[in-house]
There are 2 protein chains.
Amino acid sequence: MPVTIADVARQAGVSKTTVSRVLNTRGEVDAGTAARVREVIAALGYVPSSGAVGLARGSSRTVAMLTPPLTWPWMGEVLQGVVDTVEAAGYGLLLFTCNRGRESVEHFAGQVSARAFDGLLVVEPEDTLDTITAMHRKGLPVVLIDDRGHHPEFPSVATTNREGGASAARHLLADGRSRPLIVTGRPDFGCVRERLEGFLDVLPTDRVVGGDFTEVSGRLATERFLATGRPFDSVFAHNDLSAVGVLRALRAAGRSVPDDIAVVGFDDIPMAQHTEPPLTTVRQPMRRMGERAAGMLLAHLAGTPAPVEPVVLPTELIVRASAPA
Amino acid sequence: MPVTIADVARQAGVSKTTVSRVLNTRGEVDAGTAARVREVIAALGYVPSSGAVGLARGSSRTVAMLTPPLTWPWMGEVLQGVVDTVEAAGYGLLLFTCNRGRESVEHFAGQVSARAFDGLLVVEPEDTLDTITAMHRKGLPVVLIDDRGHHPEFPSVATTNREGGASAARHLLADGRSRPLIVTGRPDFGCVRERLEGFLDVLPTDRVVGGDFTEVSGRLATERFLATGRPFDSVFAHNDLSAVGVLRALRAAGRSVPDDIAVVGFDDIPMAQHTEPPLTTVRQPMRRMGERAAGMLLAHLAGTPAPVEPVVLPTELIVRASAPA
DNA sequence: CTGAAAGCGCTTACAG
DNA sequence: CTGAAAGCGCTTACAG
């Protein structure tokens with residue numbers, strides 16, 4: 001039998017109303033009374049039932065997060081940033097991935113309708129965008145962490161993809177590399193276009209081959225380009241995973257990195273430190289993006305409306321052996 | 001204004017009791033009445049408020065998970081296994097990491113007392129073990145995913161560390177390697193002792209150096225051992241991260257892998273496929289461990305008590321280039 | 001088969 | 001400064 005507000009009230013010789021008041025630190029309580037109530041609370045180890053509080057107040061002090069597969073190499077950082085921020089605010093975090101298709105989307109939608117949480121954080125919505133849009137229109141506060149598309153309807157957090165691409169180009173240029181090969185991600189992603197444009201602004205080239213962010217695609221793209229015999233002295237891969245494939249293809253072809261070819265990736269996933277050679281890359285501040293998005297959502301719930309314009313956090317070039325300074 | 005059970009009752013011309021009965025599919029409702037109520041529910045898009053249901057029933061249909069830092073390379077798999085299982089059961093998953101010391105442990109403890117969830121999954125409890133034990137004694141169902149220590153008080157899921165160590169030894173032996181070096185993890189972890197014992201049973205050696213599961217420790221341990229000049233033809237590292245350090249030290253010393261030295265790790269983190277050469281390793285079924293632990297907790301909540309003995313899932317040797325067959 | 005009423009544990013006008 | 005009462009949206013004996 002957990003202790004309830006009624007137990008505290010009885011024990012302290014006051015009404016439940018008064019206990020509730022000291023709980024919620026409303027000023028209108030006699031200092032002595034308040035002290036006595038607080039003692040009883042401590043003595044009994046009383047903690048208000050979150051369900052009951054939620055029902056009475058009409059909010060749950062819980063936010064939800066909807067993510068792509070958690071095995072993506074940078075999800076850990078994003079999640080950790082979100083969890084830390086949400087925990088620090090005294091909120092709970094409900095996690096959904098909708099990894100199992102329709103059924104899981106429905107379960108998720110059900111939780112929304114059941115008012116199980118007050119706000120929602122979404123990472124890279126893909127096939128859930130319609131569902132989320134509908135929820136948002138019905139009044140659910142939503143913040144996106146999204147690089148792929150631009151959804152002006154939602155507050156969002158992104159990163160400086162364009163400047164990130166430019167920084168990669170400047171780095172290669174400073175090292176005297178003038179004939180880069182670019183291995184892109186899927187061209188329908190906004191981040192891919194921005195990374196490409198930023199790079200091309202600084203270091204124009206027509207050596208551009210398409211990939212899809214997987215290691216295999218990086219390897220194949222490199223092999224295909226090598227087969228053409230066109231010379232190149234560096235590679236800018238649009239994410240680290242495909243850069244790993246690039247490194248592998250270059251090694252298999254007997255090209256030395258960075259002596260023959262310098263390689264720069266994007267993301268700075270944990271693996272980037274451990275490739276051979278370690279990968280120079282444009283770091284996305286995933287943890288800070290998570291913190292920031294969570295902060296915006298929490299602020300919104302507290303009454304501060306989220307910014308209309310996307311919040312854009314800076315990338316940072318991390319120089320390692322695959323493309324030294 | 002979300003629609004409530006009262007709206008449905010009014011619209012269908014029945015009492016809230018009856019609506020509740022069809023919601024919870026209790027048999028004692030006239031088929032026609034039930035059908036009518038169901039129509040109204042669909043028409044109104046009614047979903048019961050989870051908070052109100054929880055309060056009335058005294059349970060939340062939510063489980064919590066307490067994890068080490070989410071940036072650990074295998075946490076994504078565990079989490080995904082848990083999320084999938086929990087979602088499929090129609091439960092919510094509340095995520096805690098207690099990453100910020102005392103304060104976050106207190107927040108977590110508060111949520112427990114607030115009965116925000118019905119059961120708890122814990123991954124590798126370290127400094128939270130006391131807190132968890134106390135909660136468990138007060139009646140909170142708990143399942144551990146834990147390799148490190150053995151806590152007979154809790155139901156738990158682990159993996160065949162001993163057999164995993166043995167399989168690594170058999171693999172090396174079959175390849176004609178008879179002088180292994182072992183780079184261990186922290187000796188106070190149960191999994192480390194088991195991996196060591198399993199290996200030594202098959203392939204005894206006194207070439208054992210201590211590490212702590214980090215890449216740096218693997219590198220330093222290897223460097224130190226190389227400095228002694230003692231010959232060895234293979235390395236068994238107690239986890240993949242330290243195996244990455246081993247590979248690096250060997251390369252720096254000009255030893256070829258696997259020609260001079262074969263290397264076997266443990267875990268099969270994503271990075272293991274991308275090292276140079278790719279890492280042969282003993283795979284822990286992290287996702288299935290997550291699924292299984294979640295399944296046990298859910299079953300317990302549904303009335304099937306969890307097994308007293310730890311559930312032990314099999315490891316699997318993954319052969320790659322660092323120690324070919 | 002169905003409903004009125006009490007209860008889950010809180011909060012919040014309202015009155016004093 | 002304090003309390004009685006209603007209400008949040010459900011479920012569940014109890015009675016019929």
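Order of the sequence lines fixes the chain letters, A, B, ..., with proteins taken first and strands second; residue numbering starts at 1 for each chain.
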- Query: Heavy atoms, side chains only, cut-off 4.5 Å: are B:Met75 and B:Val123 in contact?
  - Reply: yes

- Are A:Thr304 and A:His300 close enough that some pair of their side-chain heavy atoms sits under 4.5 Å apart? no

Whole-Å distance separating the [atom1] atom of [X] from the [atom2] atom of [N]:
X	N	atom1	atom2	answer
B:Arg61	D:dG9	CZ	P	21 Å
B:Asn24	D:dG9	CG	C1'	13 Å
A:Ile5	C:dT12	CD1	P	11 Å
A:Ile41	C:dC10	CD1	C1'	13 Å
B:Leu23	D:dT12	CG	P	11 Å
A:Arg10	D:dG3	CZ	P	14 Å
B:Asp30	C:dG3	CG	P	11 Å

- Expected output: side-chain B:Ser15 to main-chain B:Thr18 donor-acceptor under 3.5 Å: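 Such a contact is found between B:Ser15 side chain and B:Thr18 backbone.
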
- Okay, side chain of A:Thr71, backbone of B:Glu77: is any donor-acceptor separation there less than 3.5 Å?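 Checked: no pair found.
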
- Task: By nearest nucleotide on DNA chain C, pick out whichever of A:Pro48 and B:Ala31 is the more 5' one.
- Result: B:Ala31

- Query: If you pin B:Arg115 and B:Thr18 to their nearest nucleotides in DNA chain C, which one's is more 5'?
  - Reply: B:Thr18

I want to verify a distance call: between [options], whose nearest atom is closest to the [X] side chain?
X	options	value
A:Thr17	C:dG9, C:dT11, D:dA4	D:dA4
B:Leu55	D:dT12, C:dC10, D:dG9	D:dG9
A:Val29	D:dC10, D:dT2, D:dC8	D:dT2
A:Ser20	C:dT11, C:dC1, D:dC10	C:dT11
A:Thr33	D:dG7, D:dT2, D:dC10	D:dT2

- Item | Inter- and intrachain pairs under ring-ring contact (aromatic ring centres under 6.0 Å, His included), touching residues 138-159 of chain B, at least two apart |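 For residues 138-159 of chain B, and leaving out neighbouring residues, the ring-ring contact (aromatic ring centres under 6.0 Å, His included) pairs sorted by first residue read B:His136-B:Phe154.
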
Can you name the atoms? Protein N/O to nucleotides 14-16 of chain D N/O, anything below 3.5 Å, with the distance.
none

- Message: Using heavy-atom distances to pick each residue's nearest nucleotide on DNA chain D, tell me which of A:Lys16 and A:Arg36 is more 5'.
- Response: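 Looking at the nearest nucleotide for each, A:Arg36 comes out on the 5' side.
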
- Plane angle bin for B:Phe96 and B:Phe108 - parallel if under 30°, tilted between 30 and 60°, otherwise perpendicular: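 Perpendicular.
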
- Message: Parallel, tilted or perpendicular: which one describes the rings of A:Phe213 and A:Phe189, with boundaries at 30° and 60°?
- Response: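 Geometry flag for A:Phe189 against A:Phe213: tilted rings.
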
- Task: Would you sketch DNA chain C in dot-bracket for me? Only Watson-Crick or G-U wobble pairs with both distances under 3.5 Å count, crossing pairs as [ ], other-strand pairs as |, the rest as dots.
- Result: |||.||||||||.|||

- Distance-only side-chain donor-acceptor flag, B:Ser156 / B:Asp146, under 3.5 Å: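 Checked: B:Ser156/B:Asp146 side chains show no N/O donor-acceptor pair below 3.5 Å.
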
- Using a distance-only test with no angle check, is there a side-chain donor-acceptor pair under 3.5 angstrom linking A:Asp84 and A:Gln80?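 Note: A:Asp84 and A:Gln80 side chains meet the donor-acceptor criterion.
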
- Message: For a salt bridge (charged side-chain N to carboxylate O under 4.0 Å, His left out) check, start with the C-alpha distance between B:Arg61 and B:Glu87, then their side-chain angles and the critical distance, and finish with the verdict.
- Response: CA-CA 11 Å; B:Arg61 286 192 71 83; B:Glu87 272 184 5; over 6 Å; no

- Message: Measuring to OP1 and OP2 of D:dG3, would you say a side-chain N or O of A:Ser15 lies under 4.0 angstrom away?
- Response: yes

